[in-house]
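Source: prediction; values computed, not measured.
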Amino acid sequence: MKTQIFTILISICLLQILMAISDQTHETFLQCLSSHSQQTTTPISSITYFPGNTSYSSVLESYIRNLRFSSPTTPKPLFIVAATHISHIQATITCCKIHGLQIRIRSGGHDYDGLSYISDEPFIILDMFNLRGIQVNIEEEYAWVESGATLGELYYKIAEKSKIHGFPAGVCPTVGVGGHFSGGGYGNLMRKYGLSTDNVVDAKIVDVNGNVMDRKSMGEDLFWAIRGGGGASFGVIVSWKIKLVSVPEVVTVFRVERTLEQGGTDIVLQWQDVADKLDEDVFIRVVLMPVNKKTQKTVKAKFVCLFLGNAKRLEALMEESLPKLGLRKEDYFEMSWIESVLYWTNYPIGTPVDVLLERVPESEKFLKKKSDYVQEPIKREEMEGIWRKMVELTKPVLTLNPYGGKMSEISEVETAFPHRAGNMYKIQYSVQWKEEGAEVSEQNLDRIRKLYEYMTPHVSKAPRCSYLNYRDVDLGTNGIGNNASYKKASVWGTKYFNGNFDRLVEVKTKVDPGNFFRYEQSIPSLVTSVGKMAL
Ligand SMILES: Cc1cc2nc3c(=O)[nH]c(=O)nc-3n(C[C@H](O)[C@H](O)[C@H](O)COP(=O)(O)OP(=O)(O)OC[C@H]3O[C@@H](n4cnc5c(N)ncnc54)[C@H](O)[C@@H]3O)c2cc1C
Ligand SMILES: *[C@@H]1O[C@H](CO)[C@@H](O)[C@H](O)[C@H]1NC(C)=O
Ligand SMILES: *[C@@H]1O[C@H](CO)[C@@H](O)[C@H](O)[C@H]1NC(C)=O
């Protein structure tokens with residue numbers, strides 16, 4: 001009994017000491033941050049959230065888009081700086097260097113494996129959501145977009161000023177510009193205009209020494225690296241200058257579903273033959289999922305199209321190239337480009353476009369994703385095997401996105417994003433679930449890993465390529481600490497970047513030799529890495 005009370009007393013004392021220490025560290029940090037940032041209308045202390053501040057949890061959770069990383073056991077940041085000014089970013093970098101803390105940079109928080117807001121080292125979050133200004137210049141056909149803006153906000157702002165301009169980027173409007181642009185960024189304009197990154201013409205970045213640089217002062221190597229190489233290995237990207245692209249006043253969309261019993265396999269095979277070779281104005285995505293029809297388990301294929309032209313032209317094109325889909329006149333809908341953005345997000349036709357300004361997605365889920373590239377047609381028997389595997393695993397959804405068009409015209413070395421000519425389509429594997437718990441989580445991770453394993457013979461090899469923005473830590477990580485090994489990193493690095501990995505390592509070594517900007521899949525610096533001689 002006595003010892004118990006004693007233990008409790010000791011614990012209380014310890015707790016008080018810890019709290020006192022942490023109070024003191026808060027003070028120290030805040031002092032450091034204040035003294036290194038400019039006196040703006042928003043003092044940095046008013047946008048810095050410690051665990052003791054009442055809004056710490058809500059700020060943290062506001063941009064977590066995968067419930068797997070929102071549990072009590074998820075590592076939490078020591079504090080969050082929600083910068084409203086460039087000098088807040090500079091101060092955060094400087095003070096984290098002084099105090100030996102890691103920074104996680106978060107824009108929209110859509111990283112599939114949560115790397116923008118979790119870490120195994122003591123860390124803080126530099127949150128960009130307050131920096132989300134968008135300036136659109138229609139006359140000169142460009143825009144400056146801050147990293148904390150969402151794609152939906154960007155699309156909205158463009159469409160507000162012009163009916164015949166758009167921008168090639170992702171389909172989900174809540175995705176953040178910061179991660180998306182720096183990792184590539186594709187959507188249904190990709191076959192006509194390439195990736196977001198292919199349409200970036202300038203950027204503003206804060207480097208490890210707190211210098212603010214644009215394209216000219218950062219130089220072409222770093223500007224190359226942040227277009228597809230992931231921003232967070234190199235610095236904090238504050239804003240992007242993008243080239244707007246033309247869209248017609250009227251575009252056409254369709255969305256139809258076919259099960260295997262309705263000829264699904266034949267249609268997918270025909271789609272596979274033509275999807276990457278069609279006119280660049282056509283983009284047809286296929287979403288494949290196991291479904292239960294009465295007592296029968298089958299696979300459903302959903303075909304979703306954006307066409308940059310009117311219904312009449314699309315009808316003729318479909319009859320010629322994809323007749324097996326059996327489209328009827330009623331399947332085609334003509335609308336403006338901005339309405340097509342809503343259609344692709346599954347909003348009912350007629351939904352007011354200002355839903356694009358909503359920053360919170362409609363539903364939150366537990367999820368895991370993976371990706372592959374298909375370079376050789378998958379044969380009928382192989383496809384039927386995949387359907388059986390999907391039905392057996394019950395959960396996984398496959399999304400097939402066609403390449404070709406502009407994607408094949410841009411060289412592999414033009415930007416850090418390497419997956420260009422030779423790729424027919426990309427597969428995204430996805431499992432989502434709603435129930436909490438380690439067991440259900442393991443079951444789902446197991447499902448997607450088994451499917452990925454099963455797909456090995458049908459996809460790109462040596463390296464088996466992956467899309468950086470479909471973050472997948474199963475591909476390997478650097479391990480913890482400053483001691484990233486070149487060898488370890490090259491395993492996942494060549495999958496994401498192919499032959500561009502070594503150039504990314506060179507740029508990293510030049511701009512951040514001490515590897516301050518690091519995370520589980522950051523580009524290693526040769527100065528601090530193991531396994532390759534320093535330059
Ligand atoms: C629902 C959903 C739909 C998606 N749809 C698409 C799609 O259609 N097309 C597509 O290509 N991808 C899509 N993605 C993937 C998406 O492009 C990536 O997750 C992207 O990295 C998200 O950017 P973010 O700013 O929201 O993410 P964050 O999680 O904030 O950041 C992702 C990575 O970028 C780094 N980063 C973020 N901001 C900065 C910055 N300012 N400076 C430097 N580094 C930074 C982070 O540290 C992290 O490493 C989707 C993801 C989700 C969850
Ligand atoms: C959080 O609390 C600290 C005191 O610990 C205070 O200085 C700071 O201003 C608070 N932050 C916010 C955003 O209110
Ligand atoms: C890094 O790793 C190498 C080899 O594993 C080891 O020799 C070295 O001491 C490590 N350095 C640090 C700073 O941990």
Side-chain angles (χ1 to χ4, degrees), residues 132-146 149-177 180-181 185-202 239-255 278-285 304-318 327 329-359 401 405-407:
R132 59 188 200 225
I134 300 171
Q135 263 117 40
V136 179
N137 184 331
I138 291 297
E139 232 134 76
E140 294 175 46
E141 304 190 298
Y142 73 82
W144 271 103
V145 194
E146 287 182 325
T150 64
L151 300 181
E153 288 165 349
L154 174 61
Y155 297 153
Y156 181 91
K157 292 280 178 187
I158 296 171
E160 200 179 41
K161 291 208 166 164
S162 164
K163 281 197 164 82
I164 52 162
H165 287 86
F167 189 70
V171 165
C172 167
T174 55
V175 166
V177 158
H180 190 70
F181 287 11
Y186 84 91
N188 52 24
L189 295 177
M190 168 174 71
R191 301 192 62 252
K192 175 98 174 181
Y193 294 113
L195 306 171
S196 304
T197 252
D198 299 326
N199 294 279
V200 166
V201 291
D202 203 339
S239 56
W240 307 80
K241 185 181 180 185
I242 56 171
K243 191 171 70 197
L244 304 180
V245 303
S246 324
V247 293
E249 252 187 87
V250 174
V251 305
T252 307
V253 295
F254 66 71
R255 180 168 54 224
L278 286 171
D279 189 305
E280 297 184 357
D281 287 337
V282 194
F283 186 89
I284 307 172
R285 160 185 283 188
V304 194
C305 173
L306 171 72
F307 177 62
L308 298 172
N310 63 25
K312 203 160 158 252
R313 235 184 95 208
L314 180 59
E315 243 183 280
L317 254 163
M318 287 298 102
L327 290 165
K329 275 206 161 41
E330 316 81 274
D331 294 324
Y332 300 98
F333 296 98
E334 290 184 334
M335 53 183 65
S336 65
W337 171 73
I338 196 71
E339 288 166 340
S340 79
V341 170
L342 266 59
Y343 183 85
W344 267 71
T345 321
N346 293 323
Y347 285 109
I349 291 176
T351 305
V353 293
D354 55 14
V355 295
L356 291 175
L357 304 177
E358 292 281 332
R359 299 197 128 235
N401 286 294
K406 183 77 179 175
M407 288 302 284

Taking the side chain as C-beta and beyond, is there a heavy-atom pair between Tyr193 and Asp198 under 4.5 Å? no
Given the rule in the side chain to side chain contact (heavy atoms under 4.5 Å, CB included) test, do Arg255 and Phe333 qualify, once you have shown the distances and angles that lead to the verdict? CA-CA 9 Å; Arg255 180 168 54 224; Phe333 296 98; over 6 Å; no
Does any part of the side chain of Val201, heavy atoms only, come nearer than 4.5 Å to the side chain of Tyr142, both counted from C-beta? no
Heavy-atom side-chain contact between Phe167 and Val145 under 4.5 Å: no
With sequence neighbours excluded, residues passing side-chain contact (heavy atoms from CB on, under 4.5 Å) with Pro173: Thr345, Leu356
Taking the side chain as C-beta and beyond, is there a heavy-atom pair between Val341 and Leu151 under 4.5 Å? no
How close do Glu146 and Gly133 get, heavy atom to heavy atom, and via which atoms? OE1-N, 2.8 Å
Give, for atom NE2 of His165 and atom CD of Glu141, the distance between the pair rounded to the nearest 0.5 Å. 3.5 Å
Pairing residues for Leu357 by the side-chain contact (heavy atoms from CB on, under 4.5 Å) criterion, not counting sequence neighbours: Glu153, Tyr156, Asp354
NZ/Lys241: more than 12 non-hydrogen atoms of other groups inside 6.0 Å: yes
Please give me the minimum heavy-atom distance between Asn188 and Phe283, naming the atom from each residue. O-CB, 3.4 Å
Quick check: does any side chain N or O of Ser196 sit under 3.5 Å from a backbone N or O of Pro168, one acting as donor and the other as acceptor? yes
Would you sort out whether Val200 and Phe181 count as a side chain to side chain contact (heavy atoms under 4.5 Å, CB included), showing the intermediate values? CA-CA 8 Å; Val200 166; Phe181 287 11; 4.2 Å; yes
Under 3.5 Å, is there a donor on one side chain and an acceptor on the other for Tyr186 and Asn401? yes
Heavy-atom closest contact (Arg191 atom, Leu278 atom, distance): NH2-O, 2.9 Å
Apply side-chain contact (heavy atoms from CB on, under 4.5 Å) to Thr351 and list each qualifying residue two or more places apart in sequence or on a separate chain. Leu342, Tyr347, Pro348, Val355
Would Ile242 and Leu154 satisfy side chain to side chain contact (heavy atoms under 4.5 Å, CB included), going step by step from the backbone distance to the final call? CA-CA 11 Å; Ile242 56 171; Leu154 174 61; 3.9 Å; yes
Pairwise side-chain hydrogen bond (donor to acceptor under 3.5 Å, both in side chains) hits with a residue in residues 330-340, at least two apart: Arg328-Asp331, Ser336-Glu339
Candidate pair Val353 and Glu160, rule side chain to side chain contact (heavy atoms under 4.5 Å, CB included), full reasoning: CA-CA 10 Å; Val353 293; Glu160 200 179 41; over 6 Å; no
Once rounded to the nearest 0.5 Å, what's the spacing between atom NZ of Lys406 and atom CG of Leu195? 11.0 Å
For Val171, which residues count as a side-chain contact (heavy atoms from CB on, under 4.5 Å) partner, sequence neighbours excluded? Arg285, Trp344
So, does Asn199 use its side chain to make a donor-acceptor pair with the main chain of Val245 at under 3.5 Å? no
State whether the side chain of Arg132 and the backbone N or O of Thr150 hold a donor-acceptor pair below 3.5 Å, judged by distance alone. no
Please confirm whether the backbone N or O of Val136 pairs with a side-chain atom of Lys161, one donor and one acceptor, at under 3.5 Å? yes
Using side-chain heavy atoms (C-beta onward) and a distance below 4.5 Å, is Phe254 in contact with Met318? yes
Residue list, side-chain hydrogen bond (donor to acceptor under 3.5 Å, both in side chains) with Asp281, at least two apart or on another chain: Lys192, Arg313
Do side-chain atoms of Thr252 reach the backbone of Ala311 as a donor and acceptor pair under 3.5 angstrom? yes
Here the gap from Asn310 atom CG to Glu315 atom CD, rounded to the nearest 0.5 Å, amounts to 9.5 Å
Applying the side-chain contact (heavy atoms from CB on, under 4.5 Å) test to Leu244, which of Ile164, Ile158, Asn137 qualifies? Ile158
Closest contact, heavy atoms only, Gly170 versus Tyr155: O-OH, 2.7 Å
Should we say atom CD of Gln135 is surrounded by more than 12 heavy atoms from elsewhere, each under 6.0 Å from it? no
